[in-house]
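Naming: A, B, ... by sequence-line order, numbering from 1 per chain. Keep in mind that what you see is a predicted model, and the values were worked out from it rather than measured.
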Amino acid sequence: MAPDYIVQMNHISKHFGGVKALQDVHLNVERGEIHALIGENGAGKSTLMKVLAGAYPKDEGTIVIDGVEATTATPRAMIDMGVSVIYQEFMLAPDLTVAENIFIDQMQQSGMFINWKDLKRRAKQQLQKIGFGHIDPGKRVGELSVAYQQIVEICKCLAKDSKVLVFDEPTAVLTHSETQKLLELIMQLKAEGVTILYISHRLEELFAISDKITVLKDGKYVDTVETASITKEQLVTMMVGREIEQLFPERNAEIGEEILRVENLRTGDLVEDVSFSLRKGEVLGFSGLVGSGRTETMRAIFGADKKTSGKVLYFGEEVHFKNPKQAIRKGIGLLPEDRKSQGLLLKQPIRYNATLVSRQGNGFINHKKEQEEVRKLLARISTKYGSTEDNADSLSGGNQQKVALAKWLAVDTKVIILDEPTRGVDVGAKTEIYQIINELAENGVGVIIISSEMAEIIGTCDRAIVMREGRVTGEVPKENLSENQLIKLAMGV
Amino acid sequence: GDAEGESSGSGGDGEEKFEVGFALKTQDSPYFVSLAEKVEEYAEEHGWEVTVLDAGGDVQQEAANMETFIAQGKDLIFLDAIEPDAVVPSIDSAAEAGIPVINLDSGVAEEANDVTTVYSDNKQNGRLVGLAYAEKIGDEEIKAIILSGAKGNVAGYERRTGLFAGIIEGKLGVSEDEAWKLAEEFEAELSSKGKAANEEAKFSVVGQGWGNWTEEEGLKAAEDLVTANPDLTTALGENDQMLFGAMTALQNAGVEGVDVVAAADGAIEAFDLIKDGSYFATGLNSPTLVAEKGVEIAKEILVDGKDPESYDEVTLTEPAAITEDNVEEYYDFGF
Amino acid sequence: MEATERKIKSMDATRRKFDWKEFIINNNTFIILLLLIIVSAFLSDTFLTTMNLRNILLQQAGPILVAIGLLFVILAGGIDLSVGSIMAVGATVSAILITDMGMHFSMSIGVAVIIGLAFGLFSGILVAYAGIQGFVATLATMTIARGVAFVLTEGRPVKVEAGTISTLVSKDFMYPIIWITILLIIVFTIIHRYTGYGRKVIAIGSNETALKLAGVRTKQYVMSTYALSGALAALAGVFVAARSSTGSATVGMGQELDAIAAVVIGGASLMGGRGFVLNTVAGALILGLIGNIMNLMAVPSYPQDIIKGVIIIAAVLLQILTSKRDRTI
Amino acid sequence: MEATERKIKSMDATRRKFDWKEFIINNNTFIILLLLIIVSAFLSDTFLTTMNLRNILLQQAGPILVAIGLLFVILAGGIDLSVGSIMAVGATVSAILITDMGMHFSMSIGVAVIIGLAFGLFSGILVAYAGIQGFVATLATMTIARGVAFVLTEGRPVKVEAGTISTLVSKDFMYPIIWITILLIIVFTIIHRYTGYGRKVIAIGSNETALKLAGVRTKQYVMSTYALSGALAALAGVFVAARSSTGSATVGMGQELDAIAAVVIGGASLMGGRGFVLNTVAGALILGLIGNIMNLMAVPSYPQDIIKGVIIIAAVLLQILTSKRDRTI
Ligand SMILES: Nc1ncnc2c1ncn2[C@@H]1O[C@H](COP(=O)(O)OP(=O)(O)OP(=O)(O)O)[C@@H](O)[C@H]1O
Ligand SMILES: Nc1ncnc2c1ncn2[C@@H]1O[C@H](COP(=O)(O)OP(=O)(O)OP(=O)(O)O)[C@@H](O)[C@H]1O
Ligand SMILES: [Mg+2]
Ligand SMILES: [Mg+2]
């Protein structure tokens, strides 16, 4: 008997200007399975899903949903055919309430008047269903943290009763416990007969839940395999086209004297009494749950937020950075967690982005020379891009991250703070970023990594600090680093 | 090109066909619309072709319009200038190009190399109306509001100062020169304090509103002023339209017995109101007269070859205060 | 999850205890309006008289409607510069229909509003379907509509017979334009807050892509906001014509800037997505009051502009100060 | 790395082969300008005469400068409505200094420009440091500056003696304002394209937060764009005074809208981050030419507005059509 395909995408091609994002791609998904989609940054995963959702018109190919060919692939038509997508970039209206965002798809059909009470009640139900009943459905989405926004985004798609649900990197902004919750939820949906398409760069998630995996590379279809019949190493090789010996490369950095010391830092409403120190050549991890105050702590050190009290000692001297400029002058860098809203000029050339920090003067610019510099810089971290003059938003997520990081590599830093440096970055590129981190450390830079991926903390850090509710709950040396240990400290159990 | 083309019907008595331009300051009120129409009408009687360009109250645009006419090599230019000084360079470059410029309706600075200025004298019109009103009011106190046109507008300034001069002259019986001096002081006080008074003449202006020459803005400005000064005796204005708005405001406020006095204008509607006694007076500012006289001078220069230098600086149409007594006489000059 | 719970608790707590700061933040436009009223009452005896208050209402009825229409355009992330010119079209069309065509005045109002709506629709199509930036599309419409008003009247105000359109401002009928305006304020408050239409407009201004991906045909809604703005502007123009019994092509010159200022003083964001009808009304009244009180006090006219500018800045600053939250980059 | 190499190769290929489509997209403002010039030459014999072309340059010198200043504000994500009023300040201040204070005209220009800069700085501080939206801050400045111009002149135009400020437009000196304008166009093209200052202004318009986190004190830059715009507007006002030998408080009314239209016709985005100096100059010239050719053809003034509006739409539409890339939501 032929397999019962609910999604059949065949010979799909799609280009953006000169970039061929998809070339003759196939994706066949059986009813009721969890089908993972994997590939390097820029492989075309998101594009394929947007084509499926009707958000991008395809150049060529056919889409058949549940035996019916989708001839007019508009978002509305695809929603009606039962496909919904949780996009990689949130598709939320920040000025509307949580409840409205959850039911945004029903806006079109909704009657004349809105029954706020009913709307909020239904939203509450939806949120409770996935274990986030404490989110206030009447709150404006813009006031929520990134993680909660992701929850709303997920809730929104669940509210649609779809046959096919696409998750495009849903866990990138979630931490351990939320990720676990989400994965359980997905399994539950599967049990209810919903077909799931799942994109993630976190391989362990794929192995935990998926039935099949389709691999894309450079916009082309590579293969579809049974999850059970493949190992991580084989999968990585398929995706990257070469073997990755070690996800976390060795580091030979010499840890030197203390360069940064934070004492009893307080900032905002949350961060209280944070103390830690960082040494030359050291990679220090910050672990914790979403909202544990890691970002706020670092922003306060960097001068992006005001610190209410506490001391920051830099090379033994007390410093008060009133703004990032002062921190940068002294050799501190910060890669923000949200590259889109804080890290990049999306509508400007890659070149401008890469030299954002190194070019502080107002004098003349030699474009040729700058191009050359940027090319070298980007080559050093294996960035995939068309031309230095292309806008940053033409890059895939992972490559955007590299460009955001590149601007800090163009200057000499003594301390660099990386907030979720590999969020949404593929395995191959991750290794490359770890390699960059190692090089920095080997050159005597003190590196702070905030990461919600425990494996990353364990694999890359010399020492980890765990935060919970704005306080440091523990410090774990490299020898003792384990998921168990980190979770315990993060959850306060 | 538009240079050649059909010859317009009339004026077939062998007259040479001239092209004249009319650089008009604005066309957003009936006076200017009439003026343009009348100039066209009289000029076409001679078989001339008239091009009207409107500056919309913008001195830069006015200069551009003048330059256009010069570049097109018009035979003569009529000009209704926005400001007396700003337009001088434009007039001079026309003169350099051998194009005579006749000013209509608005005066220009003395040094300008123009033929003459044909206009109803704003100052004298205002003064005559003021005198007539002073005569009517006798020894009683005048407590007035004034509706002005646009800030920075010269004609408006001349009209209201004229009104003040006339009223003060009539009330105090001083010489005209003395009256002008007092009127200027009065105006200066008004513009710096928002109010002005001449105790001796028992004449005060308790508020100035800006009506942008239009009825609807006049109404709005008058409403606030009438509310603040319900005991006013007089509504002064720099044109008729704004005062029509003021009359509505007075009516709405239930304030009666207020005299309505316009420094200069001559809308038919105002004449009708003067006839039935609900509008005291307006100064004669007739587009018909100005256009007629202007085209006549143009003909003397273009057709009869009269020397453009031979004209006086200004050619005034008769100023007059139109009141109930003489409104019939002037009725046809209304617009 | 404990952290979350703690926050929720503190949120509940704020709900129980009246939060002054929050109250001021949410109502700062009204507070500014109130302050202005109090100050005005002290500055001028005439200010609080029935006549003056009635005048203010009659004068501001039009500007309020224009600002409300504009608010919807701004909510959806657009801008409309054509409202002043469309007022002129509304004023002249209604006057001409009554005077030259002998149409009944109530009909003429309807036709004027429809023509205003058509101008708005024109801008709306340019923005939503042709992809022209709202600023430019409506700048063009502004020029065109003004031209049309002048062509229609040939530059002469059209006088309308008393007892026709002036019924709209008649004392005997309790000043209909005031009641119409109050009614429309209520209607648009409801539309903004309680209808799918209002929410969609906000959603578009907030994140149009999200809405498109949810299958909403956003273009029609964008277009509709311009149409709405055009219709309300034309009605405001009719109000002006009614008050002076004259339809003039010069009506509403510069009104677009006042209307935008009103919307912003009302706390709306020009980026779209945020703004309220009642606050906009308050914004329009604040601007109207500034003019009124200066007239009442006979402030010399040249400095009036300066004072007005300073007060606008003060009002907006006050609003920003009272709504200041924590500093972040 | 293969993908990268492939892409770079294909880029090199396009570099060798001249890409017409790309060329049109990048130069559509200039193409529109050229089309307009060709059409105008056919429509009127006078159009291509030296005198007319010189007139156009003299007329447009001011508007071009104003548009360039505004471009920088817009690039940084702002907007400036005060330019027209600051022109009036520039015109009146220079005239008063020469006439009433007996200052040498070259000095008076400097002072006028500095005062214009101060007004711009005022808006800039309100926007950058007080956090007022640019639209509102400059609306207030617009009102204030106009008031100041009126107060300074007491409402009456100030006459300037011939041979002083009029030197700026003197034929004997080869029409200095034309050369000044050309020089400034070059200077600002370089600033925009080849300096760190220009780069930062563009970056601020793209993502101010990112730039702040990269260590740039963005507020100063935002403020500086308004100051620049004020200074150039004042200079444009001086040009007007020079041309008419008069400083009048009514100069530049409505110029802000024309300037914004010029910037947009020049292809800049009102959202910031995108726009070019030369395209803006072309945009200003397009608007100027429309007026010029209609005058030459003696189009009656009321329909002129309508035609102007339609041409603006056509120009922007043409630009959108020629630069249409792939559809995305
Ligand atoms: N809107 C767009 N305009 C131009 N190019 C685009 C656009 N969207 C995607 N691309 C290009 O298409 C290619 C595929 O991108 P896509 O976002 O689908 O990758 P992805 O596999 O989802 O990567 P990631 O794991 O980083 O999310 C990339 O080269 C990207 O630069
Ligand atoms: N824009 C915002 N509005 C409201 N609350 C916010 C906002 N940004 C952060 N928060 C809240 O501030 C707290 C600290 O957030 P922060 O980003 O510092 O935490 P974090 O440990 O870095 O978490 P994450 O892993 O999500 O980055 C959280 O409770 C978060 O919900
Ligand atoms: Mg993706
Ligand atoms: Mg964080």
Inset, instruction - Using modelled atom types only, decide if a donor and an acceptor are shared between the side chain of Thr234(B) and the backbone of Ala144(B) within a distance under 3.5 Å. - result: no

Legend entry - Intermediate values then yes/no, side-chain contact (heavy atoms from CB on, under 4.5 Å), Met247(B) and Leu243(B): CA-CA 6 Å; Met247(B) 289 172 76; Leu243(B) 285 172; 5.5 Å; no

Inset, instruction - Please check if atom CD in Glu161(C) has more than 12 non-hydrogen atoms from other residues, nucleotides or ligands closer than 6.0 Å. - result: no

Legend entry - Which of Gly207(B), Ser192(B), Ala221(B) touches chain C most, by non-hydrogen pairs under 4.5 Å: Ser192(B)

Legend entry - Residue list, salt bridge (charged side-chain N to carboxylate O under 4.0 Å, His left out) with Glu83(B), at least two apart or on another chain: none

Legend entry - Asn252(B), part contacting chain C, at a heavy-atom distance under 4.5 Å: both

Legend entry - Donor-acceptor under 3.5 Å (Thr92(C) side chain, Val89(C) main chain): yes

Legend entry - Selection from Arg156(C), Arg54(C), Met253(C), Met297(C) maximising heavy-atom pairs under 4.5 Å formed with chain B: Arg156(C)

Inset, instruction - For the pair Phe203(B) and Phe164(B), name the ring-plane relationship: parallel under 30°, tilted 30 to 60°, perpendicular over 60°. - result: tilted

Inset, instruction - Measure distances from Glu216(B) to the heavy atoms of chain C and classify the residue's part below 4.5 Å as side chain, backbone, both or neither. - result: both

Legend entry - Residue selection (most heavy-atom pairs with chain B, distance under 4.5 Å) from Leu296(C), Asn55(C), Ile293(C): Asn55(C)

Legend entry - N/O donor-acceptor pair under 3.5 Å between Ser170(C) side chain and Ser166(C) backbone: no

Legend entry - Val206(B) portion near chain C, given a 4.5 angstrom heavy-atom threshold: backbone

Inset, instruction - Kindly state each residue pair satisfying salt bridge (charged side-chain N to carboxylate O under 4.0 Å, His left out) with at least one member in residues 294-309 of chain C, sequence neighbours excluded. - result: Lys151(B)-Asp305(C), Asp258(C)-Lys308(C)

Legend entry - Partner chain B: residue of Thr250(C), Asn52(C), Leu58(C) with the largest heavy-atom pair count (under 4.5 Å): Thr250(C)

Inset, instruction - Tabulate, in ascending numerical order, the residues of residues 254-269 of chain B having at least one heavy atom closer than 4.5 Å to a heavy atom of chain C, or enter 'none'. - result: Glu269(B)

Legend entry - Residue-level interface, residues 33-51 of chain C with chain B, non-hydrogen cut-off under 4.5 Å: Thr46(C), Thr49(C), Met51(C)

Inset, instruction - May I ask you to name which of Lys171(C), Lys159(C), Glu154(C) has the most heavy-atom pairs under 4.5 Å with chain B? - result: Lys159(C)

Inset, instruction - Indicate yes or no for a side-chain donor-acceptor contact from Thr138(C) to the backbone of Leu81(C) under 3.5 Å, with no hydrogens or angles considered. - result: yes

Legend entry - N-O pairing of Lys220(B) and Glu223(B) below 4.0 Å: no

Legend entry - Which portion of Gln251(B) sits near chain C, non-hydrogen atoms under 4.5 angstrom: neither

Inset, instruction - State whether the side chain of Thr288(B) and the backbone N or O of Ser286(B) hold a donor-acceptor pair below 3.5 Å, judged by distance alone. - result: no

Inset, instruction - Against chain C, label Thr214(B) side chain, backbone, both or neither, depending on which of its atoms sit under 4.5 Å from a heavy atom there. - result: side chain

Legend entry - Glu62(B) side chain vs Ile82(B) backbone, donor-acceptor pair below 3.5 Å: yes

Inset, instruction - Report the option among Gly245(B), Ala253(B), Ser148(B) that has the most heavy-atom pairs separated by less than 4.5 Å from atoms of chain C. - result: Ala253(B)

Inset, instruction - Given side-chain contact (heavy atoms from CB on, under 4.5 Å), test Phe105(C) with Ile109(C) step by step and report yes or no. - result: CA-CA 6 Å; Phe105(C) 83 90; Ile109(C) 298 172; 3.9 Å; yes

Legend entry - Over all atoms of both residues, closest heavy-atom pair of Val52(B) and Ala36(B): CG1-CB, 4.4 Å

Inset, instruction - Could you pull out the closest heavy-atom pair between Leu219(B) and Ala249(B), with the gap in Å? - result: CD1-N, 3.7 Å

Legend entry - Option from Thr233(B), Asp231(B), Asn229(B) for which side chain to side chain donor-acceptor pair (under 3.5 Å) with Lys143(B) holds: Asp231(B)

Legend entry - chain C contact via Glu217(B) - which portion, at a heavy-atom distance below 4.5 Å: neither

Legend entry - chain C contact via Ser34(B) - which portion, at a heavy-atom distance below 4.5 Å: both

